[in-house]
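Structure first, then comments.
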Amino acid sequence: ILVRANLSGADLSDAYMGAADFFRADLIWTDLSGADLSDANLSQANLRAAKYNSKTLWPPDFDLELAGAVRVD
């Protein structure tokens, strides 16, 4: 449970986040390259400028454009 956690700038590349709860978490500038977030709760999380690549797995119907994440590959 990472509700409201401040993970700004954290390196979560290639991490398996399972069903992590990131509700209202700060993931700004976080490296999510290759991370598996497919079952994570990203509701109201701040993903502005978070980095991801083609291997990053997102929850179904997650809106990357709205989240502000940036593709790096």
Side-chain angles (χ1 to χ4, degrees):
I1 298 173
L2 298 163
V3 173
R4 296 185 182 192
N6 182 354
L7 298 170
S8 296
D11 183 355
L12 298 177
S13 57
D14 299 315
Y16 173 71
M17 301 312 293
D21 188 353
F22 289 105
F23 178 76
R24 299 188 90 182
D26 189 358
L27 299 168
I28 190 169
W29 302 305
T30 301
D31 187 353
L32 299 170
S33 301
D36 183 347
L37 300 157
S38 57
D39 293 319
N41 175 14
L42 295 169
S43 298
Q44 298 183 33
N46 182 358
L47 288 146
R48 188 169 34 96
K51 297 181 281 185
Y52 72 96
N53 62 17
S54 61
K55 295 180 182 179
T56 306
L57 300 177
W58 299 98
D61 302 321
F62 184 71
D63 189 340
L64 284 167
E65 186 175 322
L66 181 64
V70 178
R71 187 169 175 152
V72 294
D73 64 353

Looking only at non-hydrogen atoms, find the nearest pair between [X] and [Y] and report the distance.
X     : Y     : answer
Ser38 : Pro60 : O-CD, 3.7 Å
Ser8  : Asp26 : OG-OD2, 3.1 Å
Pro59 : Ala40 : CG-O, 3.4 Å
Thr56 : Gly34 : OG1-N, 3.0 Å

[atom2] on [Y] to [atom1] on [X], rounded to 0.5 Å:
X     : Y     : atom1 : atom2 : result
Asp31 : Asn53 : CG    : CG    : 8.0 Å
Phe62 : Asn41 : CZ    : CG    : 10.0 Å
Asp39 : Tyr16 : CG    : OH    : 5.5 Å
Asn46 : Leu7  : CG    : CG    : 11.0 Å
Leu42 : Asp21 : CG    : CG    : 9.0 Å
Asp11 : Ser33 : CG    : OG    : 8.0 Å

Should [X] and [Y] be regarded as members of a common hydrophobic cluster, given that ILVMFWY residues are connected when their side-chain heavy atoms come within less than 4.5 Å of each other, either directly or indirectly?
X     : Y     : value
Trp58 : Phe22 : yes
Leu37 : Val70 : no
Leu47 : Leu64 : yes

Fill in: Side chain proximity check, Met17 to Leu32, heavy atoms < 4.5 angstrom
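No; the side chains remain at least 4.5 Å from each other.
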TODO: Among residues two or more places apart or on two chains, list those pairs meeting ring-ring contact (aromatic ring centres under 6.0 Å, His included) that have a residue in residues 23-47.
DONE: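 Counting only pairs at least two positions apart or across chains, no ring-ring contact (aromatic ring centres under 6.0 Å, His included) contact touches residues 23-47.
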Subject >> Heavy atoms of other groups near Arg71 CZ, more than 12 under 6.0 Å >> reply: yes
